[in-house]
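Structure record follows, encoded as structure tokens.
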Protein chains: 2
Amino acid sequence: MLAQEMIDAMSKRGLRVTDQRRTLARLFAEAPGYLSAKDVYDEMGKTYGGLSFDTVYRNLRVLQEMDVLEQFVFEDGVKFKAHCREHGHHHHAICLHCEKTYAVPFCPLDIQVELPQGFSVVKHKFELFGYCEACGPQAEAGGAGR
Amino acid sequence: MLAQEMIDAMSKRGLRVTDQRRTLARLFAEAPGYLSAKDVYDEMGKTYGGLSFDTVYRNLRVLQEMDVLEQFVFEDGVKFKAHCREHGHHHHAICLHCEKTYAVPFCPLDIQVELPQGFSVVKHKFELFGYCEACGPQAEAGGAGR
DNA sequence: GTCAATGCAAAGGTTTTGCATGATG
DNA sequence: CATCATGCAAAACCTTTGCATTGAC
């Protein structure tokens with residue numbers, strides 16, 4: 001998602017386009033992978049001296065509620081990335097090194113999965129973790145495993 | 001997993017079997033679903049007056065490191081349950097109402113999933129969320145969704 | 001000018017750590 | 001009786017909330 005698209009989305013929904021939000025949009029548009037609230041705070045802090053944590057949280061939340069950002073609960077905390085442009089239902093392969101995500105069009109539920117007796121599925125998760133072509137398995141040593 | 005098995009596992013690994021750990025084992029052996037640290041604290045607090053949070057956390061961590069307990073990161077926090085007895089690789093269907101988990105023997109990776117170019121998989125998740133036969137879809141209203 | 005966004009301060013919740021006390025093997 | 005587990009207190013951490021000020025439209 002381009003920074004401009006995110007900004008337009010905010011504007012269209014009646015949110016005010018501030019300097020900070022422009023920078024936030026650019027940050028996520030350019031980020032290769034996921035960013036935690038702290039990542040965002042640190043990165044934005046370089047530009048904005050008196051930046052405060054609550055503003056970062058507020059903006060992350062607003063943007064997530066607008067579907068501009070996607071939230072993902074990692075074992076070491078919540079992180080965000082720009083909403084992916086992939087159309088239709090799909091899943092993700094996430095690189096443990098660069099945390100970039102790749103679309104996986106296949107969905108396990110499209111085939112006949114044997115469910116527990118009488119279980120009705122509401123939601124499902126299917127995620128692959130590993131190393132992408134660019135990072136390669138050699139990245140494993142210093143990887144972001146866990 | 002039976003409470004006695006958990007206790008034996010602790011003993012075997014040189015941990016001391018205290019009253020509290022016995023109760024903890026029983027609690028997880030009897031719990032239908034997942035328990036958060038707070039759930040455990042509240043439940044154990046009924047029996048132990050001066051129970052402290054740090055002890056609960058310490059024991060949960062120790063038991064998890066010993067593979068007696070399984071940890072699961074829900075969107076609303078970390079929860080624990082007794083390690084499941086299912087043999088071999090499998091996945092889980094989790095009831096959003098009672099949080100009980102059911103084994104799903106099928107694994108998506110057993111069939112030919114088209115992966116991103118050059119992606120090497122290290123780990124994967126496949127989880128189903130919904131309502132089990134006992135709870136039924138009617139539980140949805142008061143369910144533990146989110 | 002009006003209303004939303006920000007910064008500041010403070011609070012709430014969760015999890016961890018250090019140290020004296022008490023219980024287990 | 002040596003050591004580990006516990007309770008207590010306090011801290012660290014993450015996230016949220018209320019209020020005055022600043023800035024966008």
Side-chain angles (χ1 to χ4, degrees), chain A residues 4 6-28 34-66 68-69 71-80 146, chain B residues 4 6-28 34-66 68-69 71-80 146:
Chain A
Q4 192 56 49
M6 300 197 221
I7 292 168
D8 291 348
M10 293 191 232
S11 177
K12 208 175 92 186
R13 293 253 203 144
L15 295 184
R16 293 189 177 162
V17 178
T18 64
D19 253 29
Q20 228 181 90
R21 283 179 176 165
R22 249 189 292 269
T23 307
L24 192 64
R26 221 175 311 122
L27 181 59
F28 275 105
Y34 286 87
L35 298 173
S36 67
K38 189 169 182 313
D39 291 337
V40 173
Y41 177 75
D42 290 345
E43 197 56 42
M44 303 253 308
K46 291 178 187 171
T47 313
Y48 301 93
L51 181 67
S52 59
F53 245 112
D54 46 277
T55 306
V56 171
Y57 277 106
R58 266 187 296 236
N59 280 329
L60 288 175
R61 180 140 49 115
V62 168
L63 291 185
Q64 190 238 315
E65 282 167 359
M66 286 175 52
V68 167
L69 295 183
Q71 195 180 29
F72 191 95
V73 180
F74 285 90
E75 307 217 339
D76 67 337
V78 175
K79 298 184 185 181
F80 299 84
R146 267 243 93 189
Chain B
Q4 193 55 49
M6 300 197 222
I7 292 168
D8 291 348
M10 294 191 231
S11 177
K12 210 175 91 186
R13 294 253 203 143
L15 295 184
R16 292 191 176 159
V17 179
T18 64
D19 253 27
Q20 227 181 90
R21 283 178 177 166
R22 248 188 294 268
T23 306
L24 193 63
R26 220 175 313 121
L27 180 59
F28 275 105
Y34 285 87
L35 298 173
S36 67
K38 188 168 182 316
D39 291 338
V40 173
Y41 177 75
D42 291 345
E43 197 55 43
M44 303 253 308
K46 291 177 186 170
T47 315
Y48 302 92
L51 181 66
S52 58
F53 245 113
D54 45 277
T55 307
V56 171
Y57 277 104
R58 266 185 297 237
N59 281 329
L60 288 176
R61 180 140 48 116
V62 168
L63 292 185
Q64 189 237 316
E65 282 167 359
M66 286 174 53
V68 167
L69 294 183
Q71 196 180 27
F72 191 95
V73 181
F74 285 90
E75 306 218 339
D76 67 336
V78 175
K79 297 184 184 180
F80 300 84
R146 264 240 91 187

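In what follows, chains carry the letters A, B, and so on, assigned in the order in which the sequence lines appear, proteins first and then strands, with residues in each chain numbered from 1.
The distance between atom CE of M44(A) and atom P of dA5(C), rounded to the nearest whole Å, is 14 Å. F74(A) has its CZ atom 18 Å from the C1' atom of dC14(D), to the nearest Å. A straight line from CG of D39(B) to C1' of dT15(C) spans 16 Å, rounded to a whole angstrom. Distance L60(B) CG to dT6(D) C1': 15 Å, rounded to the nearest Å. Rounded to whole Å, atom P of dT14(C) lies 12 Å from atom NZ of K79(B). Across the protein-nucleic acid pair, L51(A) atom CG and dT22(D) atom C1' stand 15 Å apart, rounded to whole Å. R21(A) has its CZ atom 15 Å from the P atom of dG23(D), to the nearest Å. Rounded to whole Å, the distance from OH on Y48(A) to P on dT6(C) is 9 Å.
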May I have the step-by-step check of side-chain contact (heavy atoms from CB on, under 4.5 Å) for L51(B) and Q20(B), ending in yes or no? CA-CA 9 Å; L51(B) 181 66; Q20(B) 227 181 90; 3.4 Å; yes
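Each of dT3(D), dT16(D), dA5(C) was ranked by its minimum atom distance to the side chain of D54(A); first place goes to dT16(D). Listed nucleotides: dT15(D), dT24(C), dG7(D). Nearest to the side chain of R16(B): dT24(C). Of the candidates dT15(C), dC14(D), dG7(C), the closest approach to any side-chain atom of F53(B) belongs to dT15(C). Candidate nucleotides dG7(D), dT15(D), dG7(C) were compared by shortest atom distance to the side chain of Q20(B), and dG7(D) ranks first. Out of dC14(D), dG7(C), dT17(C), the shortest distance to the side chain of R58(B) is found at dT17(C). For N59(A), the listed nucleotide lying nearest its side chain is dT6(C); candidates were dT6(C), dA5(C), dT6(D).
T23(B) and Y48(B) share a side-chain donor-acceptor pair at under 3.5 Å. If you check the side chains of D8(B) and S11(B), you find no donor sitting under 3.5 Å from an acceptor.
A donor-acceptor pair is defined here as one N or O able to donate and one able to accept, closer than 3.5 Å; no such pair exists between the side chain of R21(A) and the backbone of N59(A).
Checked against the 6.0 Å centroid threshold, Y34(B) and F74(B) count as a close aromatic pair.
Two residues, V17(B) and R61(B), neighbour DNA chain C, and the one matched to the more 5' nucleotide by heavy-atom proximity is R61(B). Across the interface with DNA chain D, nearest-nucleotide mapping of L15(A) and Y57(A) shows Y57(A) to be the residue nearer the 5′ end.
By the 4.5 Å heavy-atom criterion applied to side chains, L35(B) and Y41(B) are not counted as neighbours.
Between D42(A) and K38(A) there is a salt bridge, since at least one side-chain N of the basic residue sits less than 4.0 Å from a carboxylate O of the acidic one.
Over its full length, the helix from dG1(C)-dC25(D) to dG25(C)-dC1(D) turns its helical axis through 30°, comparing axes from the five pairs at each end and rounding to 10°.
Under 4.0 angstrom from either OP1 or OP2 of dT24(C) there lies no side-chain N or O belonging to R22(B). Taking 4.0 angstrom as the limit, S52(B) places none of its side-chain polar atoms (N or O) nearer than this to OP1 or OP2 of dC8(D). Contact between the side-chain N/O atoms of T18(B) and the OP1/OP2 oxygens of dC4(D) is not found at any separation under 4.0 Å.
Stacking of K79(A) on the aromatic ring of F72(A) is not recorded, the 6.0 Å distance cut-off and the 45° axial limit not both being met.
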